[in-house]
Amino acid sequence: ADVKDNMKIAREEIFGPVMSILPFDTLDEVVRRASDSEYGLAAGVWTKDVSKLHTVAGRLRAGTIWGNTWNYFDAGAPFGGFKSSGMGRELGLAGLDNYTETKTISVSLN
């Protein structure tokens, strides 16, 4: 209760279950406050307005955005964070990149 932006629970990746609900006035404020962290593993957006959900999700700096749900995973979708929340992706085609050595071969046919 009474979570403030400078509190640890609002700034760090706390592996829960934990939920912080903070009031806001504008979508710009939501995006600014949510992105004001060194982390960016995942975020959840809850709204009845799917258009606003897509607008906010597109602007958030997080590797996974859940809309009106939480902790949903699809093995075909890549998972990984932004910023200090990791590099690379697990799952999906992007997850296979970690197991691939790409080679370029150039041949002149003249």
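Please read all numbers here as calculations on a predicted model, not as lab measurements.
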Item to complete: Measure the shortest side-chain to side-chain distance between Leu93 and Pro78 over non-hydrogen atoms and say whether it is less than 4.5 angstrom.
Response: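 They are not in contact (no side-chain heavy atoms under 4.5 Å apart), so the answer is no.
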Discussion item. Tell me whether the count of non-hydrogen atoms from other residues, nucleotides or ligands lying under 6.0 Å of CD in Glu90 goes above 12.
Written reply: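 Atom CD in Glu90 is not crowded, with 12 or fewer foreign heavy atoms closer than 6.0 Å.
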Worksheet item: Around atom CZ of Phe24, are there more than 12 heavy atoms of other residues, nucleotides or ligands at under 6.0 Å?
Response: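 Counting other residues, nucleotides and ligands, CZ of Phe24 stays at 12 neighbours or fewer.
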To the nearest 0.5 Å, tell me how far [X] [atom1] sits from [Y] [atom2].
| X | Y | atom1 | atom2 | value |
| --- | --- | --- | --- | --- |
| Phe82 | Ser37 | CZ | OG | 13.5 Å |
| Asn71 | Trp66 | CG | CH2 | 5.0 Å |
| Arg33 | Thr26 | CZ | OG1 | 9.5 Å |
| Leu22 | Glu29 | CG | CD | 9.5 Å |
| Thr64 | Tyr72 | OG1 | OH | 12.0 Å |

Worksheet item: Salt bridge or not for Asp5 and Arg11, using N-O below 4.0 Å?
Response: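 Result for this pair is no, no salt bridge flagged.
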Discussion item. For the backbone of Lys8 and the side chain of Glu12, can you confirm whether one donor and one acceptor N or O come within less than 3.5 Å of each other?
Written reply: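 No: the side chain of Glu12 does not pair with the backbone of Lys8.
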Discussion item. Looking at Ala10, is its backbone amide N or carbonyl O close enough to the side chain of Lys4 to form a donor-acceptor pair, meaning the two atoms are under 3.5 Å apart?
Written reply: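 Answer holds: no.
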Practice prompt. Start with the C-alpha gap between Val30 and Asp28, add the side-chain angles, then the distance that decides, and say whether side-chain contact (heavy atoms from CB on, under 4.5 Å) holds.
Written response: CA-CA 5 Å; Val30 168; Asp28 287 339; over 6 Å; no
Result block: side-chain N/O donor-acceptor pairs under 3.5 angstrom for residues 40-58, not counting sequence neighbours:
from, atom 1, to, atom 2, distance (Å)
Thr47, OG1, Asp49, N, 3.0
Asp49, OD1, Ser51, N, 3.0
Asp49, OD1, Lys52, N, 3.1
Thr55, OG1, Ser51, O, 3.0

